[in-house]
Amino acid sequence: MASSMMILVLVQLITLSTLISADLETYIVHLDSIKGQQFFQKQDRENWYQSFLPRTATAGPADVQEPTMVFAYHNVLSGFAAKLSSEHVKAMKNKDGFLYARPQRMYMKHTTHTPNFLGLYQTLGFWGGSNYGKGVIIGVLDTGTTPGHPSFDDYGVPPPPAKWKGKCEVEGCNNKLIGLRDLTTGENGTRFDQDGHGTHTSSTAAGNFVKDANVFGNAKGTAVGMAPLAHVAMYKVCTVLDCPESAIIAGLDAAVEDGVDVLSLSLGGGSQPFYQDGIAIGALRAIQKGIFVACSAANAGPAKSTLSNEAPWILTVGASTIDRKIVATVSLGNKELLDGESLFQPKDFPQTYLPLVYPGLNGDQNASLCMAGSLDHIDVKGKVVVCDRGVIARLDKGQTVKNAGGAAMILVNQVEDGDTTLADAHVLPASHVGYKQGVAIKAYMSLFAYPTATLLFRGTVIGVDSAPAVSSFSSRGPSLASPGILKPDIIGPGVSVLAAWPVSVENNTQTSSTFNMMSGTSMSCPHLAGIAALLKAAHPSWSPAAIKSAMMTTANQVSLNGNPIEDEREVRADIFAIGSGHVNPTKANEPGLVFDIEPDDYIPYLCGLGYTSLEVRIIVQTKEVSCSETIPEGQLNYPSYAMTLAKGENKTYSRTVTNVGEANSTYTISVKNVAVPVGIVVVVPNPTLKFTQKYQKLTYDLTFRRNSNEEVNVTYGQGAVAWGSSKYLVRTPFVIKFV
Ligand SMILES: *[C@@H]1O[C@H](CO)[C@@H](O)[C@H](O)[C@H]1NC(C)=O
Ligand SMILES: *[C@@H]1O[C@H](CO)[C@@H](O)[C@H](O)[C@H]1NC(C)=O
Ligand SMILES: *[C@@H]1O[C@H](CO)[C@@H](O)[C@H](O)[C@H]1NC(C)=O
Ligand SMILES: *[C@@H]1O[C@H](CO)[C@@H](O)[C@H](O)[C@H]1NC(C)=O
Ligand SMILES: *[C@@H]1O[C@H](CO)[C@@H](O)[C@H](O)[C@H]1NC(C)=O
Ligand SMILES: *[C@@H]1O[C@H](CO)[C@@H](O)[C@H](O)[C@H]1NC(C)=O
């Protein structure tokens with residue numbers, strides 16, 4: 001009797017808890033701003049939003065189903081985020097003014113999870129000219145930041161401009177860190193940035209000069225962000241775990257209202273149609289207000305079509321190497337030396353040859369990856385253990401080897417990782433080597449019955465002249481959301497970047513000057529955001545599209561050794577890896593010509609993507625949209641081209657350039673076919689542009705033609721056209737997919 005009662009109670013509990021947890025989800029709800037009245041008070045708008053939330057009359061257990069408002073948006077979205085059931089959403093659809101609702105997505109930070117450390121930032125030639133970004137406000141959406149860190153000292157930084165309306169929710173803000181707001185709900189703990197990611201990205205964008213930055217004594221130098229005299233406003237939208245879309249939109253909403261000039265988002269979800277992507281929607285409202293938006297491209301490379309943040313109004317940033325490595329050389333028993341990297345460089349590692357073991361030798365995949373528990377039945381005590389990269393975090397592999405009693409780890413790239421190695425703070429002596437080096441190590445092991453190895457820690461090496469090279473993890477195009485726009489737009493430093501960190505990774509409690517090294521497009525994005533701030537300071541009248549154009553048309557095509565920029569396979573990086581190329585801040589300051597885009601120009605473009613007028617209105621928000629006018633993607637005034645061409649087909653696109661160089665200047669065009677098969681012709685009806693005034697605009701056409709009698713045996717062809725004057729070179733790359 002008693003036991004059957006028990007069971008009954010248990011069943012009831014389960015039913016109830018299923019109701020509570022399963023039914024309510026956070027939805028993003030779009031309302032028709034035209035139907036809504038003019039709101040003079042925020043409260044009035046919120047009341048209007050509230051009127052959409054269905055009320056449940058009954059009391060009792062049904063109370064848990066009551067819909068609740070999570071965020072009311074005022075600037076970047078006409079609508080709100082609320083915890084709703086699908087029944088609630090159904091009920092809302094009948095209300096006048098309802099446009100669209102969907103469950104929010106979870107976005108991710110774009111770093112590898114493993115911290116690294118590394119050296120100095122290069123000083124930039126036009127720092128002085130841009131006044132180090134003085135007066136510009138960079139809004140960063142991330143995991144929070146660390147007030148009081150020396151990177152956020154405000155030495156030399158003036159008070160924020162009068163337009164600044166933001167606020168600081170914690171103690172410790174100053175003229176450098178002018179805002180800090182938490183849009184996440186209920187992360188535990190006391191430190192504002194529990195993760196470190198946001199401290200790193202915000203100091204990369206605009207950290208002040210900090211002398212003698214180093215970790216473990218490595219890479220000693222002055223750490224400084226791209227725009228050291230700019231202001232930083234942090235909007236905490238990510239927890240340690242993830243970044244809810246409703247919080248990201250709330251961060252964008254607050255940043256636009258507060259008056260930021262530049263936004264940096266090192267986070268994203270997978271490719272989505274733009275009307276279902278909170279970042280794309282919020283970013284369009286930001287650029288409508290003249291705010292520049294840079295986003296990370298994601299870390300899902302080197303496979304094709306792995307990008308996040310593909311909207312053409314966003315600068316989509318891929319990641320490349322810098323000219324520094326922290327070298328840990330593998331010395332094999334046959335005296336062969338193979339360079340790898342590690343941040344942790346113990347001085348006391350014995351230089352005697354130790355037994356070398358590859359736990360994956362018998363075909364056990366988990367053991368080859370050094371997954372937790374997989375080494376339990378393998379004798380690795382006192383040995384150097386070879387682990388394949390992938391599946392789990394790199395530092396965790398080292399922990400597994402250490403737990404199993406291994407003396408050291410050699411972390412070996414898989415074929416797709418190529419030669420991209422990272423200087424990680426491993427928990428034991430280690431070296432991360434490239435794919436080729438790994439093959440050599442395994443070949444050596446197969447030839448000798450008792451293979452041995454040791455590690456030689458050789459510290460920081462500067463002047464690696466293969467840099468910049470595109471990292472293997474940097475996400476690649478083509479864009480899925482808009483294949484007719486070339487993405488990523490640009491690449492910048494994103495491998496083993498040194499920047500501020502909330503705590504000492506060395507457990508040094510004597511200093512507040514704590515740094516760490518991280519890798520990811522999360523690290524390259526704030527570099528470009530900081531450079532955008534410098535350009536904004538130097539050219540206050542330039543639009544977001546003009547700043548973006550200036551960076552793209554002047555980007556570098558070659559690495560320090562003068563050869564074309566390579567990817568992780570050590571072959572020429574293709575256009576879907578580098579976009580326009582590697583950012584060159586000094587040249588971006590004097591681009592000669594810019595391809596400008598007005599926010600309204602995106603409307604016919606969005607209509608041309610095949611979106612319904614409702615879907616376009618969700619994105620554009622401010623206007624009734626009829627989609628009576630459409631343009632193909634290639635007709636947007638973008639500083640690059642991506643198109644398909646069938647046999648015998650030709651496509652003509654026009655572009656309008658604005659002269660931001662010398663008033664009297666003449667440009668002539670040249671076409672450089674990097675890898676375009678025979679039979680592709682670029683026709684330039686008018687190969688000269690003659691300007692007589694500054695800010696004068698001139699329009700030209702290009703026709704891309706594919707002959708009908710030539711066979712093409714590749715999928716893509718790529719090249720570039722460049723307008724050259726006596727002073728400037730304005731380069732626009734193109735890619736053609738053969739269909
Ligand atoms: C709260 O802290 C615990 C223990 O540190 C952790 O497991 C959990 O993920 C944290 N919760 C959030 C929301 O960060
Ligand atoms: C390998 O590891 C995964 C994840 O830990 C586990 O699910 C799987 O069972 C393991 N495979 C073997 C063969 O042990
Ligand atoms: C720092 O302290 C933690 C916890 O005591 C320890 O696990 C870790 O090995 C230490 N790290 C270093 C670099 O000493
Ligand atoms: C493009 O194709 C059209 C239609 O086939 C043709 O009339 C035109 O001459 C072509 N233009 C160029 C520049 O080849
Ligand atoms: C540009 O050239 C025109 C005619 O060649 C001349 O009249 C004008 O003064 C020049 N403007 C500048 C700014 O040099
Ligand atoms: C494609 O054609 C070119 C030149 O016609 C030739 O050199 C190349 O080997 C061909 N590639 C393939 C994959 O057939």
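Just so you know, these numbers use all the heavy atoms, side chains as well, and skip hydrogens, waters and symmetry mates. When a ligand or atom number is given, it counts from 1 through the structure's own listing order.
When each atom of ligand 4 is checked for a heavy atom of Thr703 under 4.0 Å away, the hits are 13 (C).
Under the 4.0 angstrom criterion, atom 2 (O) of ligand 4 counts as having a protein heavy-atom contact. Atom 9 (O) of ligand 4 lies below 4.0 Å from none of the non-hydrogen atoms of the protein. Within a 4.0 Å radius of atom 14 (O) of ligand 2, the protein contributes at least one heavy atom.
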Given the rule in the side chain to side chain donor-acceptor pair (under 3.5 Å) test, do Arg105 and Tyr107 qualify, once you have shown the distances and angles that lead to the verdict?
CA-CA 6 Å; Arg105 291 193 299 150; Tyr107 289 63; 3.0 Å; yes
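The nearest heavy-atom contact from the protein to atom 4 (C) of ligand 2 is Met371 CE, 3.8 Å. From the protein, the heavy atom lying nearest to atom 11 (N) of ligand 4 is Asn650 ND2, 3.0 Å. For atom 6 (C) of ligand 2, the closest non-hydrogen atom on the protein side is Asn366 ND2, 4.1 Å.
Under the 3.5 Å distance criterion, the side-chain polar atoms of Glu633 are left unmatched by any main-chain donor or acceptor of Gly608.
Each of Thr688, Thr553, Val730, Leu729 was evaluated against Trp723; a single residue qualifies, Val730, per the side-chain contact (heavy atoms from CB on, under 4.5 Å) test.
Salt bridge annotation for Glu568-Arg476: present, with a cationic side-chain nitrogen under 4.0 angstrom from a carboxylate oxygen.
Side-chain contact check for Thr521 and Asn299: at least one donor-acceptor pair (N or O, by modelled atom type) lies under 3.5 Å.
For Thr699, the side-chain hydrogen bond (donor to acceptor under 3.5 Å, both in side chains) criterion is met by Thr656, not counting sequence neighbours.
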